[in-house]
Amino acid sequence: MALHVMDEANRCLQCKVPQCQKGCPIHTNIPEAIRLLKENKLDDAGRMLFENNPLTTVCSLVCNHEKQCEGHCVLGKKGAPVHFSTIENYISTTYANKMTQGPAPSNGMRVAIIGSGPAGITIAIILARYGYKVTIFEGKDKMGGVLRYGIPEFRLPKSILDDMQYRHLELKGIQFRPNTSIGTAIGIDDLFRDGYKAIFIGTGVWNPRSLHIKGETFGNVHFGINYLNNPDSYKLGERVIVIGAGNAAMDVARTAIRKGARYLTCFSLTKKIAASEYEFSYAQLEGVNFEYNKEPVEIKDDGVIFRDLMEDEEGNLTPVEGTEKLYPSDSVIISISQGPRNRIVSTTEGLKANEKGLLVADETGHTSRPGIFASGDVVNGARTVVEAVAHSKVVAESMHQYMQSLPKEEA
């Protein structure tokens, strides 16, 4: 492992204008991390990575590297890019075990974080560094949000999230309230009543999008985000159809294969798969089949009726009448994106959402109500982990500035 990592590190050209850093949504100083590693300063490299990206260990595993850091490496134009994902994972996992620093001196101000996904974790860690007393409210029983309940174990081991909770939350004095949904027994106004000076909403997008076709309510039909939440509770049978072809659909398909499905086919509306080339290639390698330009018409007890779609050069799709065909299956999983739940919006006066149910917030996270901030998927829709972290860093600083500007008697 170490030899491979150093082989990759030695390939880095240390470009004066590093394109890899430009390609990273969070602008990780990749050449500097590699330089420190080569100088046997692994701890310095690890410290730098975590200070820039609290979820660096996670991102080293789940980022779309082929379109970001590695996709911008100049070596990749004529050959293989430097695989920084391998280097980042080695540095971050090795250094993580040395992170034992306790909480920062308290500044006496209390902050509430609703949701423990990538956005919530990032903001909690950054504000804890400033000395805020942070409490995370999570509707599920464990920390992680989509990291734990939406990404399969084979891509992101749960042990990494458990260690993150210990290193980043418990050691930093961040309190965690599991199984607590805001907007039910506890509301936003209750938090303000109890002295929280700012509230962050990062509840993600957990409502599956439906097809609105006949048969969608049958017992052999499931939604992808629900399946990934706890795949062991599903009995899919041997023949499975996945409707959708994005990265989440690849996670669903690859998980189902691992759980016993023998014949699994993903159906895509277009001839171009929405998933990354990396995820698509792994799905193919593991035995997932693909059908292109197919539109679901009706779900039956024994399969799904699809019709062909004609796609022109501009990507416009036209149904081809008379091409309806039943594709047999034991189970059907619909994985065509998710939307937000509106429990908090419906129970909080003055908090606005758009027509899609996403919270309305400016680029620095301010919502329509003073003191309430939001970022991540609940604002932007389903995005990548590193994009959520990058935006949340900006929002954390915005929250800090807001709370520091409060009148002393109010603070």
Side-chain angles (χ1 to χ4, degrees), residues 62 140 145-156 204-276 278-309 324-341 377 381-382:
V62 304
K140 296 184 181 296
V146 69
L147 300 177
R148 184 180 295 274
Y149 297 102
I151 299 179
E153 172 80 17
F154 62 84
R155 286 187 59 209
L156 179 61
V205 285
W206 292 97
N207 269 356
R209 300 289 189 194
S210 58
L211 294 168
H212 301 293
I213 62 175
K214 187 176 180 181
E216 201 167 10
T217 65
F218 290 172
N220 62 332
V221 183
H222 314 287
F223 290 110
I225 191 65
N226 297 337
Y227 175 70
L228 290 174
N229 195 333
N230 186 7
D232 288 331
S233 64
Y234 292 79
K235 304 300 180 184
L236 300 179
E238 292 188 346
R239 192 176 295 272
V240 179
I241 284 176
V242 174
I243 300 176
N247 283 334
M250 298 304 104
D251 284 343
V252 168
R254 296 176 66 194
T255 299
I257 289 284
R258 284 164 169 76
K259 298 298 180 181
R262 294 184 61 191
Y263 310 100
L264 193 145
T265 304
C266 285
F267 284 76
S268 173
L269 288 176
T270 67
K271 59 188 175 184
K272 183 179 180 181
I273 296 296
S276 70
Y278 178 89
E279 295 298 327
F280 174 55
S281 63
Y282 264 109
Q284 285 184 306
L285 186 65
E286 293 169 15
V288 178
N289 299 305
F290 290 86
E291 290 280 350
Y292 307 93
N293 292 117
K294 302 292 183 182
E295 177 185 39
V297 177
E298 180 181 351
I299 301 174
K300 311 284 279 187
D301 285 320
D302 55 352
V304 182
I305 297 175
F306 289 91
R307 72 160 63 100
D308 293 346
L309 292 172
E324 291 78 7
K325 175 184 175 182
L326 175 69
Y327 290 80
S329 69
D330 299 313
S331 296
V332 179
I333 303 179
I334 300 167
S335 185
I336 55 169
S337 189
Q338 301 88 238
R341 293 170 178 165
D377 292 355

Distance (rounded to the nearest 0.5 Å) between Phe306 CZ and Thr265 OG1: 9.0 Å
statement: CG (Asp308) and CD (Glu291) are apart, to the nearest 0.5 Å, by 9.0 Å
field: Closest heavy-atom pair and its distance - Leu269, Pro296
entry: CD2-CD, 4.3 Å
- line: Residues Val288 and Cys266: closest non-hydrogen pair is CG1-SG, 3.9 Å
query: Which residues satisfy the salt bridge (charged side-chain N to carboxylate O under 4.0 Å, His left out) test with Glu153, sequence neighbours excluded?
result: Lys158
Minimum-distance pair of heavy atoms, taken over all atoms of Gly145 and Trp206: C-CZ2, 3.6 Å
- request: To the nearest 0.5 Å, tell me how far Asn247 CG sits from Ile273 CD1.
  value: 11.0 Å
- prompt: For Asn229, which residues count as a side chain to side chain contact (heavy atoms under 4.5 Å, CB included) partner, sequence neighbours excluded?
  reply: Lys140, Tyr149
- prompt: Quick one: ring pair (Phe, Tyr, Trp, His ring centres under 6.0 Å) pairs with a partner in residues 238-258, sequence neighbours left out?
  reply: none
ring-ring contact (aromatic ring centres under 6.0 Å, His included) against Tyr278, all qualifying residues, sequence neighbours excluded: Tyr282
Would you tabulate the side-chain donor-acceptor contacts of residues 326-339 under 3.5 Å, counting partners in other chains and residues two or more places apart, or write 'none'?
unit_1 : atom_1 : unit_2 : atom_2 : d
Tyr327 : OH     : Lys294 : NZ     : 3.2
Ser329 : OG     : Ser331 : O      : 3.4
Asp330 : OD2    : Glu238 : N      : 3.1
Asp330 : OD2    : Arg239 : N      : 2.9
Ser331 : OG     : Leu236 : O      : 2.6
Ser335 : OG     : Ala249 : N      : 3.4

message: In terms of relative ring orientation, are Phe290 and Phe280 parallel, tilted or perpendicular, with 30° and 60° separating the classes?
response: perpendicular
Please report, to 0.1 Å, the donor-acceptor pairs under 3.5 Å made by any side chain of residues 256-264, with sequence neighbours excluded.
unit_1 : atom_1 : unit_2 : atom_2 : d
Arg258 : NH1    : Arg254 : O      : 3.2
Arg258 : NH1    : Glu286 : OE1    : 2.6
Arg258 : NH2    : Glu286 : OE2    : 3.2
Lys259 : NZ     : Asp232 : OD1    : 2.8

query: Taking only residues two or more places apart in sequence, or in another chain, which ones meet Asp251 in a side chain to side chain contact (heavy atoms under 4.5 Å, CB included)?
result: Pro152, Arg155, Leu228, Glu279
query: For Lys300, which residues count as a salt bridge (charged side-chain N to carboxylate O under 4.0 Å, His left out) partner, sequence neighbours excluded?
result: Glu298
query: For the residue pair Leu147 and Leu156, what are the closest heavy atoms and their distance?
result: O-CD2, 3.6 Å
query: Under the side-chain hydrogen bond (donor to acceptor under 3.5 Å, both in side chains) rule, what pairs show up with a residue in residues 209-221, not counting sequence neighbours?
result: Ser210-His212
message: Do Thr255 and Tyr234 have side chains that approach each other closer than 4.5 Å (heavy atoms only, starting at C-beta)?
response: no
